[in-house]
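Working notes for the structure below.
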Amino acid sequence: MTFTSTDAVRHYEKALESLLFFRPEVTTEAEAVVTDSPRSVMGNVLLAYLGLLGTEEKDAAAARKSFEDFRRGVHRSEMTPRERMHIEAASSWLNGDVLGAGRVLGELHVAHPRDALALAVGHQTDFFTGNAVLLRDRIGGALSAWDEDDPHYGLLLGMYAFGLEEAGHYAQSEQAGLAAVERNARDVWGIHAVVHAYEMTGRFADGIRYLDERTADWADGNYLNVHNWWHYALYNLEAGRTDRVLDVYDAVLHNEDSAGLAMEMLDAASLLWRLYLTGTGTGTGTGTGNGNGNGPGADIDTGDRWEVLSDAWTARQDGAYYAFNDAHAVMAHVGADRMAEAESLIRDRESWVRQAGPHTDGLSNLPMTAEVGLPVCRALVAYGKRRYDDVVGLLLPIRHRLQTFGGSHAQRDAVQRTLVEAAVRSGQHDIARMLLSERINVRPLCPYNWGAQARLAERLGDTAGVGAARRRAAQQASAATAGA
């Protein structure tokens, strides 16, 4: 802790604790470190990381300036080797190289496997770049070096649980996540891991009960509460409780008091897009669809929510910073039937990609945008214009690479569902059959999958198939409702 006083170290430890629990006090405590000790290496590193973890372009720019000012006042030779690695990781990310930052942090925890900050921040770089194997192995590779009596061991176990889930080890993920939450009831990332495991295995009733029983532990007072409410809404969507889904949306996901944070607004867009996909494509119908797609044309009235959300994305005036955010901004504009806004964003990103030169080497968002972000955004616009053949043409070639522009399996499923719906609606029935077979065999308990199967069967004139698929969808929705 070079250039860090005893009092500043105490603030640093409180900040680290708050970071691991996603508590908002992390910023106050981190700022207290550098107020007390302006040249504190790790205090400034921590503030730099905090400016990056929200995927907010303006926060990152401010953090970069502050970090550059700090670095001018401290010579590399004055730092410990471990601090220098943190400096390198933070600098890489501030300069746009998320993958490079993750690699440096990976090297750091080989030598220092109990560096909780390196593990926590590295874990988030893996999440932002959609690397399921590293989400699992970064934490797994360090966990054995930790004493199980260490107060932070349970929090690392919660991270590991999420990595296990993203890598497809659902039973192990649930077990690790439950053990993590047993150690720390307010480990919201551990709760989040269990929730993901239930989502991926179609145990929606269990998910609803699990979150209901722990509402006091996760529903407020932390930076992850909106995202966990989003999961709660997804469960209710599968249960056919669209009234409850919209209640959650209005109360928590997006309303006039929302802070306008990208990570919260993308959840709002993703949820509304799922409702949009189960309807006729307008997003503002007057029907009473059940949210499972159990019948073609089921339309759900979302009122003016799309327009309000589109306004909020426009007000942010984001540049080319994180392709995953861009896709959700386009969802909002398409849902609001503001194609000009969506196409303007796409043109801006296309121009940015074209103008990228040698100085952008190592800029992680460049391939994210060029290879995945732009095709996804174009597909969303095509879907809004009902050019379903184009949607399939854009998404089918990249469907196994979607993870490279970030997010989780559950988050990216909004894009995968867009491909399924487009294949059904475009008449590309062989592709639709293949996609649904994949989904049903992995997640047979998901009501959406059976609803989409019913729509495909109807297109094929398979009356018996329609009835069978609708019955399966209704059975699964009823099972999910048991937890609502």
Side-chain angles (χ1 to χ4, degrees), residues 1-4 8-9 11-23 26-27 29-30 33-34 40-55 60 63 67 70-71 74 76 79-129 131-148 150-164 166 180 187 189-190 193 223 364:
M1 299 295 293
T2 303
F3 303 128
T4 312
V9 168
H11 284 297
Y12 178 87
E13 289 175 343
K14 290 178 181 177
L16 179 59
E17 184 88 352
S18 295
L19 175 65
L20 296 173
F21 279 100
F22 288 77
R23 295 171 183 156
V26 61
T27 302
E29 293 295 342
V33 177
V34 297
S40 167
V41 175
M42 290 309 299
N44 281 279
V45 163
L46 178 55
L47 277 177
Y49 288 148
L50 294 181
L52 294 161
L53 289 171
T55 71
F67 200 64
F70 151 73
R71 290 200 65 178
V74 178
R76 181 177 174 84
M79 308 172 194
T80 68
R82 184 175 173 185
E83 288 172 327
R84 287 198 291 270
M85 295 187 79
H86 271 291
I87 290 283
E88 183 182 351
S91 297
S92 293
W93 195 350
L94 288 166
N95 289 323
D97 189 358
V98 188
L99 295 168
R103 284 193 295 271
V104 174
L105 290 168
E107 294 168 6
L108 194 157
H109 75 65
V110 171
H112 304 282
R114 296 184 64 251
D115 188 325
L117 181 64
L119 289 167
V121 175
H123 186 63
Q124 292 301 318
T125 68
D126 299 334
F127 174 57
F128 294 143
T129 56
N131 193 323
V133 172
L134 274 181
L135 274 167
R136 178 193 65 195
D137 291 347
R138 182 185 300 271
I139 306 301
L143 203 57
S144 295
W146 284 68
D147 188 327
E148 293 190 19
D150 189 296
H152 289 158
Y153 177 83
L155 296 166
L156 264 292
L157 196 60
M159 294 182 212
Y160 189 48
F162 181 60
L164 287 168
E166 286 298 291
D187 178 1
W189 194 254
Y223 284 130
S364 300

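Just so you know, these numbers come straight off a predicted model, no measurement behind them. If you read the sequence from its start, that first residue is 1, and numbering goes on from there.
- Annotation: side chain of L46 is not in contact with side chain of H11 (no heavy-atom distance under 4.5 Å).
- Legend: residues meeting salt bridge (charged side-chain N to carboxylate O under 4.0 Å, His left out) with R71, ordered by chain and number and at least two apart, are absent.
- The heavy-atom pair separating H109 from A142 by the smallest distance is ND1-CB, 4.4 Å.
- In terms of heavy atoms, G51 sits closest to A63 at CA-CB, 4.0 Å.
- L94 and A60 make their closest contact through CD2-O, 3.9 Å (heavy atoms, listed as atom of the first residue, atom of the second, distance).
- Shortest non-hydrogen contact noted between S92 and G100 is CB-C, 4.3 Å.
- Contacts of R84 classified as salt bridge (charged side-chain N to carboxylate O under 4.0 Å, His left out), with partners at least two apart in sequence or in another chain: none.
- Atom-to-atom distance recorded for Q124:CD and L105:CG is 11.5 Å, nearest 0.5 angstrom.
- Contacts of R23 classified as side chain to side chain contact (heavy atoms under 4.5 Å, CB included), with partners at least two apart in sequence or in another chain: E17, S18, F21, E25.
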- Message: Walk me through whether L52 and F128 qualify under side chain to side chain contact (heavy atoms under 4.5 Å, CB included).
- Response: CA-CA 11 Å; L52 294 161; F128 294 143; over 6 Å; no
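- With sequence neighbours excluded, the residues satisfying salt bridge (charged side-chain N to carboxylate O under 4.0 Å, His left out) with R138 are D126.
- To the nearest 0.5 Å, atom CE of residue M42 and atom CG of residue L117 are 5.0 Å apart.
- Considering only heavy atoms from C-beta on, V26 stays 4.5 Å or farther from Y49 through its side chain.
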- Residue pair W93, L53: steps toward the side chain to side chain contact (heavy atoms under 4.5 Å, CB included) verdict: CA-CA 10 Å; W93 195 350; L53 289 171; 3.8 Å; yes
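- Expressed to the nearest 0.5 Å, how far CG of L156 lies from CD of E148 amounts to 12.0 Å.
- Two residues are said to be in side-chain contact when any heavy atoms from C-beta on lie closer than 4.5 Å; L119 and H123 fail this criterion.
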- Item | Verdict with supporting geometry, V45 and E83, side chain to side chain contact (heavy atoms under 4.5 Å, CB included) | CA-CA 9 Å; V45 163; E83 288 172 327; over 6 Å; no
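- Considering all non-hydrogen atoms of both residues, S40 and F70 come closest at O-CE1, 3.9 Å.
- Side-chain contact between L155 and W189 is absent, with no heavy-atom pair separated by less than 4.5 Å.
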- Query: Between L50 and L19, does a side chain to side chain contact (heavy atoms under 4.5 Å, CB included) hold up when you go through it step by step?
  - Reply: CA-CA 9 Å; L50 294 181; L19 175 65; 4.0 Å; yes
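- Legend: residues meeting side chain to side chain contact (heavy atoms under 4.5 Å, CB included) with A8, ordered by chain and number and at least two apart, are T4, S5, V33, D36, S37.
- A distance of 7.5 Å separates CG of L134 from OG1 of T129, quoted to the nearest 0.5 Å.
- Side-chain atoms of W146 come within 3.5 Å of backbone N or O of P113 as a donor-acceptor pair.
- The CG atom of D147 sits 13.5 Å away from the NE2 atom of H152 when rounded to the nearest 0.5 Å.
- Side chain of S364 to main chain of V98: a donor-acceptor pair is present (N/O by atom type, distance under 3.5 Å, no hydrogens or angles).
- No side-chain heavy atom of L47 sits under 4.5 Å from any side-chain heavy atom of F67.
- Heavy atoms only, all atoms of each residue included: A180 and G158 are closest at CB-N, 3.5 Å.
- In this structure, T125 contributes its side chain and G122 its backbone to a donor-acceptor pair below 3.5 Å.
- Residue T2 holds its OG1 atom at 11.0 Å from CZ of R82, rounded to the nearest 0.5 Å.
- Remark: D137 engages no residue in a salt bridge (charged side-chain N to carboxylate O under 4.0 Å, His left out) (not counting sequence neighbours).
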